[in-house]
Amino acid sequence: RIVRVFGKSFTLQLSIILKIISITGILFSGFSFWGIFFLIIYTIAGTLSWTAMDTIVESFSKDIESGRIRGIHLTIANAGFLMGPLLSSQVLERYDFYGVFLMSLITYSVILIISIISLRRTNHKFREKIGAIKLLKKVLERKNIMRIYYVSFVLELFYALMLIYAPLYLLSKGFSWDQLGIAFTIMLVPFVLIQYPMGILADKKTGEKEFLLLSFLILGISTLIFYFSDSADIMVWATILLLGRIGAALVEILRESYFYKRVDGDNVDIINFFKTARPVAYIIATFFSSILLYFFDLKSIFLFITVACFSAIYPTFRLMDNK
């Protein structure tokens with residue numbers, strides 16, 4: 001509704017402003033009720049900003065080039081993610097969490113200025129009015145949309161759990177934040193190197209289905225290795241994490257390529273629905289991880305992730321190929 005009334009670029013800029021406000025709030029609130037409130041606002045704004053950016057990119061995309069366009073988009077975005085662990089771990093060691101949030105605040109302020117200057121003429125609006133029930137019926141009728149939604153959900157579930165519990169587990173094994181910063185930087189390299197070439201390959205040669213199947217096998221096997229490993233060498237863990245992120249990077253570009261070949265820039269409603277995979281995954285991840293940690297140790301989380309990754313193979317197999 002925000003996009004329909006105000007446009008895509010305005011929605012993106014609004015989400016960035018909300019992030020700036022929420023980070024400022026966290027800086028001054030610390031660990032308190034208001035700190036949690038601002039963290040919730042930050043999370044909502046994050047989902048809103050990614051959805052707005054995706055609809056803007058899709059407005060200029062052709063289906064025949066969807067893999068390449070999404071590949072470029074993700075490569076640029078992931079170059080930022082690649083720097084994140086390295087910079088944040090260094091700042092965290094020297095200036096604590098205050099420094100991390102302050103760095104984020106400065107970064108988002110720069111992003112806001114760039115978006116205001118560069119996106120003035122791309123404020124496309126969405127005309128169709130559609131309710132939640134009608135939208136749900138609309139997507140349920142499109143089986144391939146629901147299948148790729150589950151693929152996206154599993155990937156986001158993997159991210160949600162590994163983002164929190166992989167560092168906690170490795171810290172409990174005696175590794176420092178400096179060591180983790182190096183390991184996490186190494187593991188993110190595939191997101192920068194392989195997504196654009198994979199997008200080109202999916203467009204021109206193979207489609208997405210076959211490589212999605214391979215990607216979930218890699219993702220599941222790597223998480224299972226993480227569960228069984230007991231190494232004291234950080235580079236062994238970095239290699240395991242790297243293998244997992246190769247699978248994740250492939251799933252990420254292939255799900256984007258597949259989905260955006262099935263929709264166009266006017267399908268803001270379906271794109272918004274597709275983007276609910278992330279918050280739904282975070283809710284499910286929080287619920288099940290809480291139950292697992294109540295009865296079992298931290299390692300059980302990684303076994304749960306493995307099962308989730310392998311569960312995506314069947315719906316992936318049922319996808320109609322875009323080849």
Side-chain angles (χ1 to χ4, degrees), residues 46 50 53 57 67-93 100 103-104 107 111 151-152 154-171 173 175-203 206 208 210-227 229 231-257 278 302 305-306 309 312:
W50 279 109
M53 277 199 291
V57 172
R68 278 162 282 185
I69 292 170
R70 306 310 300 189
I72 293 172
H73 176 62
L74 288 172
T75 298
I76 294 170
N78 287 318
F81 281 118
L82 181 63
M83 296 302 296
L86 187 61
L87 289 174
S88 60
S89 61
Q90 297 297 318
V91 173
L92 188 61
E93 287 284 346
V100 176
M103 184 173 67
S104 297
T107 303
I111 293 171
V151 165
S152 183
V154 171
L155 179 63
E156 297 297 346
L157 188 72
F158 172 86
Y159 285 152
L161 291 170
M162 291 298 285
L163 177 71
I164 296 170
Y165 294 110
L168 288 178
Y169 181 65
L170 293 176
L171 285 169
K173 295 183 75 67
F175 296 111
S176 68
W177 275 114
D178 275 340
Q179 290 174 303
L180 295 191
I182 294 170
F184 291 162
T185 302
I186 292 171
M187 82 177 184
L188 293 176
V189 171
F191 290 94
V192 178
L193 296 183
I194 70 176
Q195 289 189 322
Y196 181 61
M198 187 68 249
I200 294 175
L201 188 62
D203 284 344
T206 63
E208 294 82 15
E210 292 81 2
F211 275 102
L212 267 173
L213 289 168
L214 175 63
S215 303
F216 274 114
L217 283 172
I218 295 172
L219 205 57
I221 291 170
S222 67
T223 311
L224 194 60
I225 295 172
F226 193 95
Y227 173 78
S229 178
S231 175
D233 187 346
I234 189 62
M235 295 312 296
V236 172
W237 291 102
T239 303
I240 297 170
L241 290 168
L242 176 66
L243 178 63
R245 290 324 187 272
I246 289 173
L250 289 172
V251 172
E252 187 171 83
I253 177 57
L254 292 167
R255 66 142 188 209
E256 298 281 312
S257 177
R278 178 177 293 178
F302 307 114
I305 298 171
T306 301
C309 291

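Here the OG atom belonging to Ser222 is positioned 15.5 Å from the OH atom belonging to Tyr227, to the nearest 0.5 angstrom. From Tyr196, atom OH reaches atom CG of Leu201 across 12.5 Å, with rounding to the nearest 0.5 Å. Expressed to the nearest 0.5 Å, how far CD1 of Ile253 lies from CD1 of Ile200 amounts to 10.0 Å. Atom CE of Met187 sits about 9.5 Å away from atom CG of Leu180, to the nearest 0.5 Å. With values rounded to the nearest 0.5 angstrom, Phe158 atom CZ is found 4.0 Å from Arg245 atom CZ. Between the CD1 atom in Ile234 and the NZ atom in Lys173 there is a gap of 10.5 Å [rounded to 0.5 Å].
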Verify side chain to side chain contact (heavy atoms under 4.5 Å, CB included) between Ile305 and Leu157, making sure each step is shown before the conclusion.
CA-CA 8 Å; Ile305 298 171; Leu157 188 72; over 6 Å; no
Using the side chain to side chain contact (heavy atoms under 4.5 Å, CB included) rule, take Leu217 and Leu213 through it: C-alpha gap first, then chi angles, then the decisive distance, then the call.
CA-CA 7 Å; Leu217 283 172; Leu213 289 168; 5.8 Å; no
Between Arg255 and Glu156, is the salt bridge (Lys or Arg N to Asp or Glu O under 4.0 Å) condition met? List the steps.
CA-CA 12 Å; Arg255 66 142 188 209; Glu156 297 297 346; 3.1 Å; yes
Under the side chain to side chain contact (heavy atoms under 4.5 Å, CB included) rule, what do Leu250 and Leu214 come out as? Steps first, then yes or no, please.
CA-CA 9 Å; Leu250 289 172; Leu214 175 63; 5.6 Å; no
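Side-chain contact between Trp50 and Arg278 is present, with heavy atoms from C-beta onward closer than 4.5 Å. Side-chain atoms of Ile186 and Met235, non-hydrogen and from C-beta on, do get closer than 4.5 Å to each other. Using a 4.5 Å heavy-atom threshold, the side chains of Val251 and Phe216 count as touching. Residues Thr107 and Ile111 meet the side-chain proximity criterion, which asks for heavy atoms closer than 4.5 Å. The shortest distance between side-chain heavy atoms of Phe184 and Pro167 falls below 4.5 Å.
Nearest approach of Leu219 to Gly244, heavy atoms of both residues: CD1-O, 3.1 Å. Closest of all the heavy-atom pairs between Val100 and Val91 is N-CG1, 3.6 Å. Residues Ala312 and Val154 share a closest heavy-atom pair of CB-CG2, 4.0 Å. Smallest separation of non-hydrogen atoms from Leu224 and Thr306: N-OG1, 3.4 Å.
Applying the side-chain hydrogen bond (donor to acceptor under 3.5 Å, both in side chains) test to Tyr165 and every residue at least two apart in sequence or in another chain returns Ser289. Legend: residues meeting ring-ring contact (aromatic ring centres under 6.0 Å, His included) with Phe302, ordered by chain and number and at least two apart, are Tyr169, Phe226.
The closest donor-acceptor contact from the side chain of Trp237 to the backbone of Ser231 lies under 3.5 Å. Using modelled atom types, no side-chain atom of Ser229 and backbone atom of Ile225 make a donor-acceptor pair closer than 3.5 Å. Remark: the backbone N or O of Ser176 is paired with a side-chain donor or acceptor of Gln179 at under 3.5 angstrom.
For the residue pair Ser257 / Glu208, a side-chain donor-acceptor distance below 3.5 Å is found, with atom types taken as modelled.
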